[in-house]
Amino acid sequence: MNTPTIAIIGLGYVGLPLAVAFAKKYPVIGFDINKNRIGQLQEAFDMTLEIEHTQLKSVNVSSLKELENAEKGLFSTANLDDISKATIFIVTVPTPVDKNHKPDLTPLYKASETVSKVLKKGDIVIFESTVYPGATEDECVPILEKGSGLVFNKDFYAGYSPERINPGDKEHTVEKILKVTSGSTPEIAEQIDQLYKNVIIAGTFKASSIKVAEAAKVIENSQRDINIAFINELSKIFNLMDIDTNEVLEAAATKWNFINFSPGLVGGHCIGVDPYYLADKALELGYNPEIILSGRRLNDSMGPFVARETVKLMIKKDIPVKTSKILVMGITFKEDCPDIRNSRVIDVINELKSFDIQVAVFDPWANKEEVKEEYGIALFSDKNELANDYNAVILAVSHKKFKNFEFNNYTSSPFVLYDVKGMLPKEASDGRL
Ligand SMILES: NC(=O)c1ccc[n+]([C@@H]2O[C@H](COP(=O)([O-])OP(=O)(O)OC[C@H]3O[C@@H](n4cnc5c(N)ncnc54)[C@H](O)[C@@H]3O)[C@@H](O)[C@H]2O)c1
């Protein structure tokens, strides 16, 4: 096979690192509908902070012409015509849920439509977005066929290779994580597997079908969600017994087969979302996925629980609740990354507000404008902006930057400190999950 030109559709947390990895060996055209993002990428700036400026600069190519004359490199564009040269399309667009937790496949439909307009005989379309088993062949392929007038598995082919990256994790980067691959025919599966093998240092696992690969991804995250839900439930039980959950987990983890998870808020656009994709498909098939959905409910109850526990601790210290000011530290969905999407810290904040508490939110990682737009909150990103009389502090996200925070400089006396993730030594806080 001649060196293919690869188009990556959707240059977000998943698409950009993948595009950069492929661009070290192949000519890659990165396509995104967000012109602002494309402008920044052309200047070698990645606002997700997954790819450093120097790394992006080293693969960046400034024009399509330059890419055509090169063996490798990345050209980012928002212009559909630019991707028509590609023979392999990799789709990495979001797969969110709507407010009723129903899968929203709109970005995937739109991206399939986009690709269908430039699809040619012999091309391969690989989907990486997390979906339920069957979505690639039942939902996306018909759009590709309709838009292109080509016939699936005769004129063009499909594949699915789920992404396992973990935003903010500088150790488990895309090339270092074993990648599951699959294809719509045995030959195409092999071709796709070889393609990824060329860039994924950790190697690949060729699944027996697209559906198997789709299912493998969605259960990885569902399993994690359920495991955390169990630990969160234990945390609620141990709280009633006045037992510290972290100490119990530390003791239990000394058994060789104890599976270690810690309690916490489960947000983001993977763990807190993907189980709904599997659950929705199961419901459609007439099966009620009790464990998956009860895990989701339990995890979604943790934000209000944290807020109420903090209020109880304030009452115990005779701190008036109604007129109080609480500082919530962290709004991102996880530590040490700027991603605020589906952060469950908002549940803590909303529950506190229901007690008429004034809530200030501080996060040096998050973007002020994004937080304003997504949650309507005026974020503090510099500690010099904070007041010095908060009645309670909730350490909601365990950013490393919070490790040596001088709580006393920002609080009145007495105050309550609730350490959601148990980031501090036990005696340093009044409560933790
Ligand atoms: N972020 C993660 O850690 C992670 C890990 C594994 C899997 N996933 C899955 O990967 C997929 C992508 O997630 P993400 O975090 O990279 O999302 P993201 O929101 O960071 O990026 C998606 C990008 O796609 C672009 N886009 C949306 N619709 C488009 C279209 N029709 N055409 C072209 N571009 C379009 C957006 O502008 C955005 O830049 C999702 O299915 C997600 O569940 C994410």
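Whatever order the structure lists them in is the order used to number ligands and atoms, beginning at 1.
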Can you name the atoms of ligand 1, numbered from 1 with element, that are less than 4.0 Å from a heavy atom of T92?
12 (C), 22 (C)

Any ion pair linking R341 and E374 (charged N to carboxylate O, less than 4.0 Å)?
no

For ligand 1, is there an N or O atom under 3.5 Å from any N or O atom of Y13?
yes

Which word best sums up how the rings of Y276 and H101 line up, parallel for under 30°, tilted for 30 to 60°, or perpendicular for over 60°?
parallel

What part of C270 sits under 4.0 Å from ligand 1 if we count only heavy atoms: the side chain, the backbone, both or neither?
side chain

Should the proximity of R37 to ligand 1, defined as any heavy atom under 4.0 Å, be assigned to the side chain, the backbone, both, or neither?
neither

Considering only heavy atoms from C-beta outward, does the side chain of K383 approach that of F362 to under 4.5 Å?
yes

Residues E309 and R432 bridged, charged N to O under 4.0 Å
no

What orientation do Y410 and F405 show, parallel under 30°, tilted 30 to 60°, or perpendicular over 60°?
parallel

E128, any N or O under 3.5 Å of ligand 1 N or O
no

Working for side-chain hydrogen bond (donor to acceptor under 3.5 Å, both in side chains), residues E290 and S294
CA-CA 6 Å; E290 291 180 55; S294 82; over 6 Å; no

Near P94 (heavy-atom distance under 4.0 Å), the atoms of ligand 1 are 19 (O), 22 (C), 24 (O), 27 (C), 40 (C)

Would you mind listing which atoms of ligand 1 come within a distance below 4.0 Å of any non-hydrogen atom of S129?
11 (C), 41 (O)

Atom 34 (N) of ligand 1: of T106, D339, I33, the nearest heavy atom sits on I33

For atom 24 (O) of ligand 1, what is the closest protein heavy atom, and at what distance to 0.1 Å?
G10 CA, 3.3 Å

With nothing but distance in play, are any N or O atoms of K217 less than 3.5 Å from an N or O of ligand 1?
no

Any N or O of V14 that comes nearer than 3.5 Å to an N or O of ligand 1?
yes

Protein heavy-atom partner closest to atom 31 (N) of ligand 1 - residue, atom, separation in Å:
A111 N, 3.6 Å

Tell me which protein heavy atom sits closest to atom 18 (P) of ligand 1, plus the residue, atom name and distance to 0.1 Å.
R341 NH1, 3.3 Å

Determine whether Y196 and F22 satisfy the following criterion, ring pair (Phe, Tyr, Trp, His ring centres under 6.0 Å), listing intermediate values before the conclusion.
CA-CA 8 Å; Y196 280 100; F22 273 118; 5.4 Å; yes

Please work out which of L16, T130, V93 has its closest non-hydrogen atom nearest to atom 11 (C) of ligand 1.
V93

